[in-house]
Amino acid sequence: MTPTVDQDRTVTYPPETAVTVACRLVGAGKRFGGIWACRNVDLEIRAGEVHAVMGENGAGKSTLMKMLHGIHLPDEGHVELAGRIVSLTSPRVAEAEGIAMVPQELDLFPDLSVVENLFVGRVRPRTRFGTFDWATMRRQAATAFGRLNATFDIDAPVRSLSGANAQMVEIARALMHDAKVVILDEPTAALTEREAQRLFGIIGELTRRGVAIVYISHRLDEVFQIAERITVLRDGERIHTGRTRDLDMPRLIQMMVGRPLSKLFHRTPHTPGEALLEVQGLGRTGTFEDISFTLRRGEIVGLSGLIGAGRSEVAQAIFGIAPATHGSILIAGRPTLIPNSSSAIARGIIYVPEERRSQGLVLDYPIDWNISFSGLNRISRFGFVSRRREREIAERFRALFAIRSSSLKAPVLSLSGGNQQKVLLAKALVVEPEIILLDEPTRGVDVGAKAEIYRIIDDLAAAGKAVLVVSSEMNELLSMSDRILVMHQGRLTGTFTGPDFSPDAIGAAAAGVLAEQAEDSALHPGSVH
Amino acid sequence: MNAPWIDRALKRPEAAPIAFLVVISLLLALTTPGFWSSANLLNIISQVAVVGIVSLALNQVILSGEIDVSIGSLLAACAFTYASVGHLTIHPLLPLLAALGVGLGVGALNGVIVTVGRVPSIIATLGMLLGLRGVVLLIGANGVLLVPDGARAFGLGSIAGLRAPIVGLVVVFAIFDLINRNTEWGRDILAVGSNRRAADAVGLRASFVKFRCFLATGLGCGLASAIFAGQIGEIQATAATGFELQCIAAVVLGGTSITGGRGSTLAPVIGAVLVGVILNALTLNSVPGTFEQLVLGLLILLAISVDAVRFRASRRLS
Amino acid sequence: MSQPTTRSTAPAEASPRPRFAFTRTHGLALLLVIELAGLGVLVPGYLEPGSLLDTSRTFIETGILALGMTFVIVSGGIDLSVASLLALVSVVMGLSYQAGLPLPAAMFLGIMTGIAGGLVNGAAVAYLGLHPFVVTLATMAIYRGAAYAISNAAAVSDFPPWFTSIGQSYFAGGLVPAQLPVLVVAALACWLLLDRTTFGRRVYGIGANELATRFSGVPVERVKLAIYGLMGCLVAVAAMIQTARVSTARANASIGLELPVIAMVVLGGTKITGGAGTIPGTVLGVLVLAYLQDGLVSAGVRNDWGLVIVGAFLILGVLANELFRRAPR
């Protein structure tokens with residue numbers, strides 16, 4: 001895989017000799033409570049390049065970016081700008097030094113207009129009467145958006161903008177700072193293909209003017225398309241930095257993961273049984289449409305797609321959180337209405353949410369409290385909770401999942417991410433579900449805990465449960481799924497049956513970014529295989 | 001399709017309340033004799049001047065995402081100060097300065113408790129509402145404090161042929177409008193109320209922004225107390241009980257969101273006038289005074305429900 | 001790696017934080033003892049059982065409201081309308097009795113009014129998604145206004161003796177006020193409900209993390225409705241006792257009572273933003289504040305100091321919560 005250089009979104013490589021370093025991390029490391037999130041990392045960002053930083057979740061990418069953006073101060077090493085050691089004590093200082101960041105979770109002021117958002121926190125121009133010079137501000141804003149080839153109502157409140165346009169506002173903010181380095185964190189995660197292509201055009205435009213782009217993405221295809229150099233992080237250390245053209249995709253994956261995938265996930269061979277859950281033409285207005293699939297006993301089905309494709313929404317509709325508006329759900333062959341999450345649980349369906357902290361657990365409360373919370377009815381009589389049975393159940397899962405904690409009364413907050421995730425799984429399994437919907441089950445979890453969670457999922461399938469796994473980590477799905485469903489913009493765009501999946505075809509169905517390259521399959525993604 | 005500016009005008013938070021005010025005024029003009037006279041309309045506005053001024057200040061606090069319910073007691077405390085100092089001196093401005101001083105001091109205390117002590121503003125100002133009322137009762141329990149005639153100019157006098165309370169309301173509105181339109185102070189309030197985390201990220205000092213809003217409310221109460229004392233002429237220790245409810249009602253009715261970040265400078269004025277018009281209409285139609293609170297409460301409930309529905313609708317569109 | 005031992009892998013796991021409510025509740029009990037001792041020195045005879053028990057008549061209604069308010073605040077809400085609703089219940093009962101309804105039927109109507117008032121608050125909060133502060137601010141005016149409107153601000157006071165004896169008689173040798181057992185039973189019931197039942201668990205869950213509670217299969221809206229309904233029911237009980245105690249139903253009853261109620265709950269350790277708080281804490285909060293107010297009056301301090309003290313305790317109570325909470329970090 002070499003970068004396709006295409007006339008519209010050219011990545012022009014500056015000659016090797018004329019290299020200007022925009023900024024540099026030297027031996028940088030950051031420690032949280034005795035554990036190094038990243039350690040001794042050297043990173044050189046050159047003016048006018050697109051530098052991709054790759055790595056699995058927890059590899060230290062975000063910590064590294066936060067050091068560049070003044071959110072964290074390095075505990076070792078330092079940041080250099082144009083050869084000068086700087087202390088980036090806050091995002092504001094970083095921006096004053098010319099480093100801007102467009103975060104994945106956009107952080108704008110939803111109630112303020114677009115123009116306002118560009119000027120919050122900085123000196124606004126004034127007229128000679130001392131009043132704010134709105135005319136100048138709007139002109140400057142228009143100029144900034146003009147440079148991005150973006151036209152939209154700059155007086156509208158940001159709340160009313162699409163995700164792509166809100167992102168343009170963040171980028172325009174960065175440009176108005178005269179940023180020399182712009183960090184883009186998963187910028188295409190919530191974009192459509194056309195929006196993504198427009199963003200790549202803008203990135204090309206910026207690099208031609210000498211702006212350095214630090215690009216973070218999980219989407220290997222687009223990294224190969226636009227990045228000039230790639231740095232790979234793993235377990236908090238820098239593994240590799242080099243030109244994209246010197247790399248290929250398998251080698252990159254190998255470096256990111258660090259070990260053959262088979263070592264992480266052991267698949268117990270088993271044969272799927274009868275259909276437990278059938279979804280027919282399921283849709284929710286404005287979110288997803290026409291979703292049909294079947295989930296059988298003892299089967300693990302992966303649900304792939306980009307963030308924003310509607311995967312979580314489908315799972316949550318089946319769980320009754322935001323019920324579907326059309327289509328039908330059959331459980332063990334019988335049509336079933338699931339108007340809310342309590343009736344889903346009563347019918348043997350459980351959903352393990354992706355946001356552990358906000359959706360999954362009550363962090364300040366004890367471990368046993370959390371484990372029993374979904375299944376209170378099972379451990380109570382006449383509405384009174386039996387603390388003895390609560391303790392027994394919690395003990396059982398602690399032993400079963402090897403949850404490492406000093407006491408079951410300790411708040412979940414005191415656990416590591418992996419152990420929190422195991423508590424979340426225990427909480428779901430307390431209700432003895434038959435149909436288990438897992439949303440990003442290994443997000444923010446270290447490699448060891450990951451392997452343990454894979455083992456738990458495998459055990460569930462072996463015990464005859466039907467398991468649906470939503471994941472953004474392709475490798476995870478490739479290695480554990482019996483089948484993989486792919487969603488794109490609210491629709492199923494492909495169904496693939498294992499064990500020998502074609503990552504390229506799945507990627508094509510999911511993204512469409514590869515559409516031109518994988519012409520034959522991507523034009524009619526629904527018909528792949 | 002409308003022109004964009006019309007579209008935007010319609011989307012402004014005070015658009016619906018203004019429309020409501022216009023419709024109800026027209027209805028009253030047609031149905032209620034004596035409503036549509038300049039004397040009655042001027043009466044209404046000078047009667048709501050005190051609520052309007054304090055609401056304008058309270059509006060700042062609410063826009064910043066906080067709340068101040070201590071204003072009922074604070075207005076009484078300032079009015080007491082104003083009248084007491086009025087007895088001591090014939091100088092017209094000294095009582096006002098004293099009242100402003102008390103307002104500023106209490107506002108600062110509120111601000112410190114909320115921003116430094118990190119006590120939620122509802123609790124901090126509830127405590128202040130109770131404590132301050134206790135203080136007023138302790139000082140003024142021996143009956144009625146008369147406001148000396150010389151000190152009633154802010155309530156009864158006129159400036160260039162206009163009634164002083166109306167001039168006061170207009171001037172205070174103009175000041176806040178200027179602040180909110182043309183100073184970093186004013187713009188930062190909206191930013192902090194809209195998204196506190198993002199405000200921190202761009203380096204705004206949210207605590208200080210909020211502190212200034214509490215100061216403004218204190219000053220607003222100090223100023224309004226001069227008009228209040230002048231208008232009613234005698235002050236009891238229980239004066240202005242429940243006043244905070246009227247002001248919150250005015251702000252919310254006018255279109256400012258109780259959760260902060262969304263609203264306008266005009267909202268509290270519209271809301272105060274709306275309350276004044278409706279109470280006036282009740283009086284003119286000889287509805288018993290016992291119905292006032294009921295109508296007021298229903299209005300607030302209606303306003304927040306409409307706001308919630310509108311807000312949800314606008315979010316769904318995006 | 002997979003050995004199920006209790007060995008901790010990270011330093012953060014080694015020491016679970018001590019349960020916050022535990023230490024604080026004990027501190028509050030200590031405060032109550034010190035306070036009563038001080039009052040015993042200041043006011044001769046204050047600590048005699050008869051005197052202490054008699055004083056309870058001043059806080060039975062507030063105490064009952066505080067129990068319900070604990071549920072509301074633990075769930076992340078607030079109810080400013082309780083005092084107004086209390087007056088409305090009282091007036092509805094009094095007027096329907098005056099209009100010729102048998103008193104038990106009038107009382108039943110009153111209880112229904114209380115529950116309905118609570119459910120209206122709950123429905124607006126749960127199903128319309130409105131901010132509880134504004135909703136109950138509006139219903140505070142509505143309920144009070146309705147009480148004024150239907151009674152035309154006139155009082156009803158010709159209740160039969162069996163009714164007024166609920167709030168005015170004593171038993172056990174003239175020592176225990178008749179209404180005290182109501183508070184005791186209500187407190188025990190509320191303690192069981194909040195601390196031991198699935199409903200209580202869900203109340204905590206909603207207050208601590210509403211979204212996670214929804215994802216745990218809890219019908220959040222229905223639980224919220226029940227919380228405010230329970231509050232309304234307790235308001236009605238308090239209204240009966242108050243009406244019996246003063247022998248009068250009137251629309252301006254207990255104006256401003258919501259504030260000392262909230263102060264007592266917060267002083268008792270309930271976190272104003274929800275997710276933490278206990279009934280024993282609330283009971284202690286009620287006792288500390290009520291005996292302080294009453295004792296100071298007995299000691300010759302002017303009544304109006306009571307307001308200042310409640311206000312100060314409200315702020316200091318939350319400030320103390322903040323300091324306690326910040327300390328372990």
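Keep in mind it's a predicted model, so treat the numbers as computed, not measured. Quick note on labels: first sequence line is chain A, next is B, and so on, each numbered from 1.
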Going by residue number, which parts of residues 421-428 of chain A are within reach of chain C, meaning a heavy-atom gap below 4.5 Å?
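From residues 421-428 of chain A, the residues near chain C are A:Lys427.
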Salt bridge flag under 4.0 Å for residues [X] and [Y]:
| X | Y | result |
| --- | --- | --- |
| A:Glu390 | A:Arg387 | no |
| A:Arg388 | A:Glu392 | yes |
| C:Glu221 | C:Arg214 | yes |

Sort [X] into side chain, backbone, both or neither according to what part of it lies under 4.5 angstrom from a heavy atom of chain C.
| X | answer |
| --- | --- |
| A:Ser343 | neither |
| A:Phe319 | side chain |
| A:Leu361 | backbone |
| A:Glu355 | neither |
| A:Tyr365 | side chain |

For A:Val470 and A:Leu438, what are the C-alpha separation, side-chain angles and deciding distance, and is it a side chain to side chain contact (heavy atoms under 4.5 Å, CB included)?
CA-CA 6 Å; A:Val470 177; A:Leu438 302 167; over 6 Å; no
Regarding A:Asp439 and A:Ser312, is there a side-chain donor-to-acceptor distance under 3.5 Å anywhere?
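Distance-only check passes for A:Asp439 and A:Ser312.
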A:Asp368 CG to A:Ser407 OG distance, which is reported to the nearest 0.5 Å
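Between atom CG of A:Asp368 and atom OG of A:Ser407 there are 7.5 Å.
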Working to the nearest 0.5 angstrom, can you tell me the gap between A:Leu429 CG and A:Asp459 CG?
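So the CG of A:Leu429 and the CG of A:Asp459 are separated by 10.5 Å.
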Shortest non-hydrogen contact from [X] to [Y]?
| X | Y | result |
| --- | --- | --- |
| A:Phe397 | A:Ile403 | O-CD1, 3.9 Å |
| C:Val89 | C:Ala236 | CG1-CA, 4.0 Å |
| A:Ser341 | A:Ile321 | CB-CD1, 4.1 Å |
| C:Thr282 | C:Leu67 | CG2-N, 4.4 Å |

Largest heavy-atom contact set with chain C, pairs under 4.5 Å, which of A:Asn377, A:Val431, A:Val362, A:Asn370:
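Looking at each of A:Asn377, A:Val431, A:Val362, A:Asn370 in turn, A:Asn377 comes out on top.
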What residue in A:Gly320, A:Ser374, A:Gly360 has the most heavy-atom pairs under 4.5 Å with chain C?
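Top count of heavy-atom pairs under 4.5 Å with chain C: A:Ser374.
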For each of C:Gly200, C:Ala208, C:Ala212, C:Gly205, tally heavy-atom pairs with chain A at distances under 4.5 Å, and name the one with the top tally.
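It is C:Ala212.
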Would C:Val135 and C:Leu128 count as a side chain to side chain contact (heavy atoms under 4.5 Å, CB included) here? Give the steps.
CA-CA 10 Å; C:Val135 167; C:Leu128 293 180; over 6 Å; no
What are the residues of residues 182-199 of chain C, in order of number, with any heavy atom under 4.5 angstrom from a heavy atom of chain A?
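The residues closer than 4.5 Å to chain A, in numerical order, are C:Leu192, C:Asp195, C:Arg196, C:Thr197, C:Thr198.
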Taking side-chain contact (heavy atoms from CB on, under 4.5 Å) as the criterion, tell me which of A:Leu276, A:Leu468, A:Leu437, A:Ile436 meets it with A:Ile349.
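The residue from A:Leu276, A:Leu468, A:Leu437, A:Ile436 that satisfies side-chain contact (heavy atoms from CB on, under 4.5 Å) with A:Ile349 turns out to be A:Leu437.
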